[in-house]
Amino acid sequence: KLGQIAAELPPSASPPAVSCAVTKFSVTTPATAFYWDVTTDVLLTLSAGDQQREARGHAVKRTWIWPSETLIKTVTVEALKQVAAESDTALRELLLAQPAAESASPN
C-alpha cells in the first residue's frame, strides 16, 4: 500500500519515513452467566515526520457456548480488516500532507 500511495505524490517529493506502532491489540472473552462476548480491539499509530494518524478496528460476536478458536479467529480477522481499511486512509492523509508540511516549515 505504501508504494501505491507514494506513487500519487508529486514527482519532486520524496516519500518520508513512515512508522507504525501497535498501540493496542486486545482479544477478550468477558462472560456473564448466560453468554460470552468475544471482543477484539486493535489500534495502530502511524507516523510520518511530525504527523500522526490512528487506525482502529473493533469487532464483537456473542456466543452462548464456550468461545471456540474459530470464533475468536473470525472476530480477530474482522477487526484486522477494519484497521487495514482505516490505515489506508490514514496513510494516504499522512503522505499527502507531508509535502505541504515540509514547504510550510522554514529552512
Side-chain angles (χ1 to χ4, degrees):
K1 294 290 180 180
L2 181 58
Q4 290 173 345
I5 296 168
E8 297 174 17
L9 293 173
S12 61
S14 61
V18 175
S19 66
C20 177
V22 179
T23 309
K24 180 177 184 179
F25 185 89
S26 171
V27 179
T28 59
T29 56
T32 70
F34 302 105
Y35 60 84
W36 289 265
D37 284 334
V38 178
T39 306
T40 299
D41 289 295
V42 182
L43 174 61
L44 302 180
T45 302
L46 301 165
S47 303
D50 62 352
Q51 303 274 326
Q52 284 191 341
R53 300 289 187 278
E54 290 184 342
R56 298 173 187 272
H58 174 79
V60 179
K61 297 280 185 210
R62 181 163 288 169
T63 182
W64 285 266
I65 59 173
W66 188 264
S68 68
E69 181 179 337
T70 302
L71 180 60
I72 293 169
K73 180 179 178 181
T74 300
V75 173
T76 302
V77 167
E78 186 178 325
L80 290 171
K81 285 180 179 178
Q82 287 178 14
V83 81
E86 281 199 21
S87 66
D88 275 358
T89 303
L91 187 57
R92 181 170 273 102
E93 289 174 2
L94 276 175
L95 292 179
L96 295 176
Q98 285 306 300
E102 289 172 6
S103 63
S105 64
N107 288 339

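Every side-chain hydrogen bond (donor to acceptor under 3.5 Å, both in side chains) that Thr76 has, sequence neighbours left out, goes to Thr40. By the side-chain hydrogen bond (donor to acceptor under 3.5 Å, both in side chains) test, Thr23 is found to be paired with Thr45, residues two or more places apart in sequence or in another chain being considered. Annotation: side-chain hydrogen bond (donor to acceptor under 3.5 Å, both in side chains) contacts of Ser26 (sequence neighbours excluded): none. With sequence neighbours excluded, the residues that form a side-chain contact (heavy atoms from CB on, under 4.5 Å) with Ser68 are Thr70, Leu71. Residues passing the salt bridge (Lys or Arg N to Asp or Glu O under 4.0 Å) test with Asp37, sequence neighbours excluded: Arg62.
Listed by chain and number, the hydrophobic cluster partners of Ile65 come to none, as no ILVMFWY side chain reaches under 4.5 Å of it. Applying the 4.5 Å side-chain rule to ILVMFWY residues, one finds Phe34, Trp64 in the same cluster as Tyr35.
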*Could you walk me through whether Leu43 and Glu54 pass side chain to side chain contact (heavy atoms under 4.5 Å, CB included), step by step?*
CA-CA 7 Å; Leu43 174 61; Glu54 290 184 342; 3.9 Å; yes
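Counting only distance, with no hydrogens or angles, the side chain of Glu86 and the backbone of Arg56 share a donor-acceptor pair below 3.5 Å.
Screening residues 22-31 for salt bridge (charged side-chain N to carboxylate O under 4.0 Å, His left out), with sequence neighbours left out, gives no hits.
The line from CG of Asp88 to CD of Glu93 is 11.0 Å long, rounded to the nearest 0.5 Å. Here the CG atom belonging to Leu91 is positioned 10.5 Å from the CZ atom belonging to Arg53, to the nearest 0.5 angstrom. Between the CG atom in Leu94 and the CD atom in Gln51 there is a gap of 6.5 Å [rounded to 0.5 Å].
Under the 4.5 Å side-chain heavy-atom criterion for ILVMFWY residues, a single connected hydrophobic cluster contains both Ile72 and Phe25. Both Val42 and Val38 are members of a single hydrophobic cluster when ILVMFWY side chains are connected at heavy-atom separations under 4.5 Å.
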All N/O donor-acceptor pairs, side-chain side in residues 77-85, below 3.5 Å, sequence neighbours left out:
unit_1	atom_1	unit_2	atom_2	d
Gln82	OE1	His58	N	2.8
Gln82	NE2	His58	O	3.0

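Val60 is not listed as a side-chain neighbour of Val75, based on a closest heavy-atom distance of 4.5 Å or more.
Across all their heavy atoms, Ala55 and Ser87 have their closest contact at CB-N, 3.7 Å.
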